[in-house]
Amino acid sequence: MGNILTVWIDTSRKRSVVFPLSLTGVVLLLMMFFGVLMLLEQGNVIELGAGMFYKLLTIHGTGMIGIAALAGTAVMWYFLNQYLDLKLGIFIMNIVFFLIGVTMVLIGIFSYDFAGGWTFLYPLPAISGGMWGQTAAALYLGGMLIIGTGFLLLYLEFSRAIIKEYGSFAKSLGWPQILGIVKGYGPAPAIAAGTMVCIVNITALITGAAILAMSLINLYIPSFTIDPLLAKNMIYAFGHIFANSIIYMGVIAVYELLPRYTGRPWKGSKALLIAWNMSTLFTVIIYPHHLLMDFVMPKWMLILGQVLSYANGLPVLVVTAYGALLLVYRSGIKWDIASSFLYLSMFGWVIGVVPAIVDATIVINHVMHNTKWVPGHFHMYMGLGACAMIIGFMFYLTKVEGGRQDNRLDRLSLWVFIVAFLGLTGSFLFSGKVSAPRRWAVHFQEWVPADIIGALFGTLVTLAFLAFVIRFINYASNIGRMKSNVDPRIEKHG
Ligand code: HEM
Ligand SMILES: [Cu+2]
């Protein structure tokens, strides 16, 4: 009857993550390939032209965050089904919205030449200097709006189910335990994390939808203008929060699976709950660290952005990384690929946060911002943190639910992925140090060596990831079909 690693949710829910995760594999792979192409272009190895570079930059930035977030919702969905009564239809609907939106975005970029970046910074979509037309911008902005609407509905469904089960967000964030009104442990870490993600992402998605809608109106009715500073604030609030939420969804896999691997529980302790409460608040209000160069911003907002950026991810990161260490220490854990990835994601998250904190310091930001230092740090925690969580979850699924066994190729690709990703991000940080600006299609000769080294490491990352995807897709169809892993109690949802 299953084993200690099995998650007891009904089979329809187990199967429901196969498609989004397979899609994640394929899209991530393609976006990685585009990333390598950009580096080859910057390194003068190939000649795509600046127009194509900016299309690739737009699709890479949008696509990576979008697909990683979709995978994040699959992680959150899979595990929260143990605690909540969730509607499968809404999970599927989000995937459908995602596919429609992505198709529009792809057509907008590759057929109609939109290349305004994921930031779609007002008024660029409407005033492209002849690079693209109205239809291009409308397809991109409209596609984003549809993708965002799907996610918003899914988080509203999570919220509904959490409030139904726990009474309120305050309770699912453990306030009664924090305030000492109720003794003992609070809600499971996965629930605290899930609540946090709902709160911050509903905020982000509504803000994003509002600015997308306004930009769409401006596109057709130019006399309808927007305060550009307000627009920028809204766009970065949306982008910062949504991108950050990926790791907060991914970490649910760590909370849920490491205890199964070590045979030790991970409880909602006071420290953990306080940390999640702090990150809930900070994640929403620190986005002004993206506007430190905008001197017209109110000074207090920028100072807040700087100071709280230090405090933002830190509590959750410290509590989680420390919790993971304690859990594993002398537990006699048998490492496999999945647990290695989940454990390593803690490390990737920690090392990625360090250069981020450096960059969030105003005096340093004035020098480093808009250099490749910035993609350097976020690739670190996206690749070695968030992606490691997602890959770990995918390997877990095919092993426990699909009957796959770790082989030599899996172990090799694990190490190639880690080392090559460190090399890739190292090359970005180095480019930043020698003042290479980010988002430039054409680089000076002095910046070129780091681009070429980056492209080599990027190719290795892509190959390692290709191996993961092949392994996942080979075993994915077994997920939810193994008799031994069917809940011995009655199937709850039918
Ligand atoms: C093989 C792996 C990857 C390679 C080779 C790669 C390469 C690149 C390059 C060359 C850039 C542009 C840097 C510049 O401004 O000059 C970039 C930007 C970016 N990448 Fe990646 N990347 C990879 C993986 C990822 C992953 C896993 C994510 C997130 C899940 C990601 C998210 C982004 C984002 C959000 C941007 C910013 C786009 C913008 O500036 O508008 N990348 N990447
Ligand atoms: Cu940010």
Side-chain angles (χ1 to χ4, degrees), residues 24-68 106 109-110 113-119 243 348 351-352 355-356 359 368-388 391 413 415-469:
T24 301
V26 174
V27 174
L28 259 167
L29 199 60
L30 187 67
M31 294 303 135
M32 285 179 169
F33 175 65
F34 288 165
V36 173
L37 287 184
M38 282 192 282
L39 289 169
L40 291 173
E41 173 78 9
Q42 289 175 330
N44 294 332
V45 180
I46 54 174
E47 248 171 80
L48 301 168
M52 190 46 142
F53 176 89
Y54 288 107
K55 287 186 198 175
L56 292 178
L57 185 69
T58 306
I59 193 63
H60 177 89
T62 314
M64 279 294 192
I65 298 301
I67 199 69
L106 284 172
I109 294 175
F110 289 108
D113 299 334
F114 182 79
W118 80 260
T119 45
I351 58 167
D359 186 56
M368 292 305 225
H369 204 90
N370 292 335
T371 69
K372 272 179 102 171
W373 181 271
V374 177
H377 78 65
F378 71 70
H379 277 83
M380 217 181 246
Y381 57 69
M382 280 299 175
L384 294 170
C387 286
I391 299 168
S413 32
W415 285 106
V416 171
F417 184 84
I418 294 166
V419 173
F421 225 114
L422 279 172
L424 174 69
T425 51
S427 82
F428 280 23
L429 291 175
F430 181 81
S431 298
K433 193 186 147 280
V434 297
S435 299
R438 71 182 288 199
R439 296 182 174 140
W440 279 25
V442 182
H443 277 186
F444 283 132
Q445 203 51 46
E446 325 47 316
W447 302 332
V448 161
D451 298 330
I452 295 174
I453 290 171
L456 288 175
F457 281 122
T459 306
L460 288 176
V461 170
T462 312
L463 289 176
F465 194 74
L466 173 68
F468 301 152
V469 176

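Residue indices begin at 1 and follow the sequence shown. Basis for what follows: all heavy atoms, side chains included, without hydrogens, waters or symmetry-related copies.
- Using a 4.5 Å heavy-atom cutoff, the side chains of Phe457 and Ile453 are in contact.
- At least one side-chain heavy atom of Leu424 sits less than 4.5 Å from a side-chain heavy atom of Leu39.
- Taken from CE in Met64 to CZ in Phe378, the straight-line distance is 10.5 Å, to the nearest 0.5 Å.
- Using a 4.5 Å heavy-atom cutoff, the side chains of Leu57 and Met38 are in contact.
- Between Ile391 and Phe417 there is a side-chain heavy-atom pair separated by less than 4.5 Å.
- Under the 3.5 Å distance criterion, the side-chain polar atoms of His60 are left unmatched by any main-chain donor or acceptor of Phe34.
- Side-chain atoms of Thr58 come within 3.5 Å of backbone atoms of Gly117 as a donor-acceptor pair (strictly under, hydrogens ignored).
- No side-chain heavy atom of Arg438 sits less than 4.5 Å from a side-chain heavy atom of Thr371.
- Here the CD1 atom belonging to Ile452 is positioned 11.0 Å from the OG atom belonging to Ser427, to the nearest 0.5 angstrom.
- Between His443 and Trp447, the two ring planes are perpendicular [angle over 60°; tilted spans 30° to 60°].
- Checked by atom type and distance alone, the side chain of Glu41 pairs as donor or acceptor with a backbone atom of Leu48 at under 3.5 Å.
- Of the possible donor and acceptor atoms, none in the side chain of Trp373 sits under 3.5 Å from a partner among the backbone N and O of Ser431.
- Taking OG1 of Thr425 as the reference point, atom CE of Met382 lies at 13.5 Å (rounded to 0.5 Å).
- Here the straight-line distance linking atom CE of Met31 with atom CG of Leu37 works out to 11.0 Å at 0.5 Å rounding.
- Between Phe53 and Gln42 there is a side-chain heavy-atom pair separated by less than 4.5 Å.
- Taking the side chain as every heavy atom from C-beta outward, Trp118 and Ile59 never approach each other to under 4.5 Å.
- Expressed to the nearest 0.5 Å, how far CG of Asn44 lies from CD of Gln445 amounts to 6.0 Å.
- Looking only at distances, a side-chain donor or acceptor of Tyr54 sits under 3.5 Å from a matching main-chain atom of Arg439.
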*Can Lys55 and Asp113 be said to form a side chain to side chain contact (heavy atoms under 4.5 Å, CB included), step by step?*
CA-CA 7 Å; Lys55 287 186 198 175; Asp113 299 334; 2.6 Å; yes
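- In the displayed structure, Phe110 atom CZ is contacted under 6.0 Å by more than 12 heavy atoms of other residues, nucleotides or ligands.
- You'll find the side chain of Leu422 reaches within 4.5 Å of the side chain of Ile351, heavy atoms only.
- Between the OG atom of Ser435 and the CG atom of Asn370 there is a distance of 12.0 Å, given to the nearest 0.5 Å.
- When every heavy atom of Ala455 is checked against every heavy atom of Leu40, the shortest pair comes out as CB-CD2, 3.6 Å.
- Summarising the geometry of Ala450 relative to Phe430, their closest heavy-atom pair is CB-CD2, 3.9 Å, with the distance given to 0.1 Å.
- Listed here is the closest heavy atom pair of Pro375 and His379: O-ND1, 2.7 Å.
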